[in-house]
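Here it is: the structure, laid out below.
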Amino acid sequence: SEIPKTIMKSIKENNSMKVKQFNFKNLCPIENISLKNFDPDLTFVFFSGTEKTKGEELLEKLNLPGSVVGCSTAGEINQEGVDTNSITVSCMKFESETQVKTAFSDGLGDDFTTGQKLAKKLNNENLKAVILFSPGLNVNGSELVRGVSSTVGAAVLVTGGLAGDDANFSKTFTISENLLHEERFVA
């Protein structure tokens, strides 16, 4: 669950984004992240865990501004490699005219239709990419992406992933509005 290399390469070449990334290993105690003089437009949070209460406490302690999205994982990818039992927070500030818009939808039982519903909330003529986070259980990710793509068109990059819970296959979470959700799709 990280920014696709093709997007990161484009961002680095255009120098249109600043990123601050924080990694907390072994779910260590977390202090508020210092974002002095840095007001992120978008923040990704990826974490190990299957306990909703602990995840919500984590988000409260992080106290992140702006649009915060992400999910539980089966391994957190960061600049040092892949960790488990950790938290990775990537805060992004766009220096260009990039606009960030988030949308969410609770599952409709039909993943293709859920994808279409999400995409309709985001779709406009300037849309360049959709980053999608889905519950990790009982979801057909291919159908979800097909639903998004059918609405936004082939010129829009669609990427993301399904939430994980290490290797338990019991409970996953997505993040939107600084809260954890078990059945919410987030883009």
Side-chain angles (χ1 to χ4, degrees), residues 1-21 39-47 64-79 82 88-164 172-187:
S1 295
E2 71 176 272
I3 298 174
K5 290 181 182 178
T6 54
I7 293 176
M8 186 57 79
K9 181 179 179 203
S10 171
I11 290 167
K12 286 181 181 177
E13 287 173 1
N14 294 328
N15 197 23
S16 62
M17 182 175 83
K18 291 183 180 177
V19 177
K20 286 194 175 191
Q21 189 172 72
D39 185 24
D41 296 309
L42 178 63
T43 299
F44 291 130
V45 176
F46 301 107
F47 68 99
L64 297 164
S67 294
V68 179
V69 297
C71 61
S72 57
T73 71
E76 300 74 51
I77 301 171
N78 58 59
Q79 69 267 18
V82 179
T88 297
V89 178
S90 298
C91 303
M92 289 157 278
K93 177 70 177 169
F94 298 100
E95 294 178 344
S96 66
E97 297 158 10
T98 301
Q99 294 179 345
V100 174
K101 182 176 180 181
T102 58
F104 55 85
S105 175
D106 293 325
L108 302 173
D110 172 6
D111 298 324
F112 180 84
T113 304
T114 299
Q116 288 181 313
K117 182 178 176 184
L118 262 177
K120 286 176 185 173
K121 293 179 180 183
L122 297 170
N123 205 13
N124 70 49
E125 72 250 5
N126 297 320
L127 186 64
K128 304 291 183 218
V130 174
I131 302 174
L132 177 65
F133 301 109
S134 164
L137 305 172
N138 304 313
V139 172
N140 183 328
S142 297
E143 283 298 296
L144 182 66
V145 169
R146 202 169 67 79
V148 171
S149 296
S150 74
T151 303
V152 300
V156 176
L157 173 67
V158 179
T159 189
L162 278 68
T172 64
F173 301 102
T174 56
I175 300 170
S176 72
E177 302 176 309
N178 271 331
L179 296 171
L180 295 183
H181 307 276
E182 290 181 48
E183 298 295 326
R184 182 165 281 182
F185 296 78
V186 181

**Study point:** Heavy-atom side-chain proximity of Asn140 to Phe112 below 4.5 angstrom
**Key:** no
Exercise for review: Please report the shortest heavy-atom distance between Ile131 and Gly160, naming the atom on each side.
Suggested key: CG2-CA, 4.5 Å
Check your understanding: Should Lys93 and Met17 count as side-chain neighbours, where that means a heavy-atom distance under 4.5 Å?
Key -> no
Review point. Side-chain contact, heavy-atom cut-off 4.5 Å: Leu64 with Val45?
Key: yes
**Study point:** Thr43 vs Val89 side-chain heavy atoms within contact, under 4.5 Å
**Key:** yes
Exercise for review: For Pro135 and Thr174, work out which heavy atoms get closest and say how close.
Suggested key: N-CG2, 3.7 Å
Point to revise | Any donor-acceptor N/O pair, Thr98 side chain to Phe94 backbone, under 3.5 Å | key: no
Practice item. Could you tell me whether the side chain of Ile175 reaches within less than 4.5 Å of the side chain of Phe104, counting heavy atoms only? Key: no
Check your understanding: At their closest point, which heavy atom of Val186 faces which heavy atom of Ser176, and how far apart are they?
Key -> CG2-CB, 3.8 Å
Study note, to complete from the structure: Sorted by chain and residue number, the side chain to side chain contact (heavy atoms under 4.5 Å, CB included) partners of Ala187 (sequence neighbours excluded) come out as Leu118, Leu122, Val130, Leu132
Study note, to complete from the structure: Tested for side chain to side chain contact (heavy atoms under 4.5 Å, CB included) against Phe185, the lone hit among Asp111, Asp106, Val148 is Asp111
Review point. Got a second to check how far Lys101's NZ is from Asp41's CG, nearest 0.5 Å?
Key: 15.5 Å
**Study point:** With sequence neighbours excluded, residues passing salt bridge (Lys or Arg N to Asp or Glu O under 4.0 Å) with Lys117
**Key:** none
Practice item. List the atom of Ser134, the atom of Val139, and the distance in Å for their closest heavy-atom pair. Key: OG-CG1, 3.3 Å
Check your understanding: Considering all heavy atoms of both residues, which atom of Val156 and which atom of Leu127 are nearest to each other, and what is their separation?
Key -> CG2-O, 3.5 Å
Point to revise | Side chain to side chain, Lys20 and Pro40, heavy atoms closer than 4.5 Å | key: no
Check your understanding: Quick check, are the ring centers of Phe133 and Phe46 under 6.0 angstrom apart?
Key -> yes
Exercise for review: Please identify each residue that fulfils salt bridge (Lys or Arg N to Asp or Glu O under 4.0 Å) with Glu143, with sequence neighbours left out.
Suggested key: Arg146
**Study point:** Partner set under salt bridge (Lys or Arg N to Asp or Glu O under 4.0 Å) for Glu177, not counting sequence neighbours
**Key:** Arg184
Revision key, fill the gap. Rounding to 0.5 Å, atoms OG1 (Thr172) and NE2 (His181) come to a distance of 12.5 Å
Check your understanding: What pairs meet the side-chain hydrogen bond (donor to acceptor under 3.5 Å, both in side chains) rule with one or both residues in residues 119-130, with sequence neighbours excluded?
Key -> none
Review point. Can you find a heavy atom in the side chain of Met92 that is under 4.5 Å from one in the side chain of Phe44?
Key: yes
**Study point:** Minimum-distance pair of heavy atoms, taken over all atoms of Gln116 and Gly147
**Key:** CG-O, 3.3 Å
Review point. Thr88: what forms a side chain to side chain donor-acceptor pair (under 3.5 Å) with it, not counting sequence neighbours?
Key: Asn23
Review point. Just wondering, do Cys71 and Phe173 contact through their side chains at under 4.5 Å, heavy atoms?
Key: no
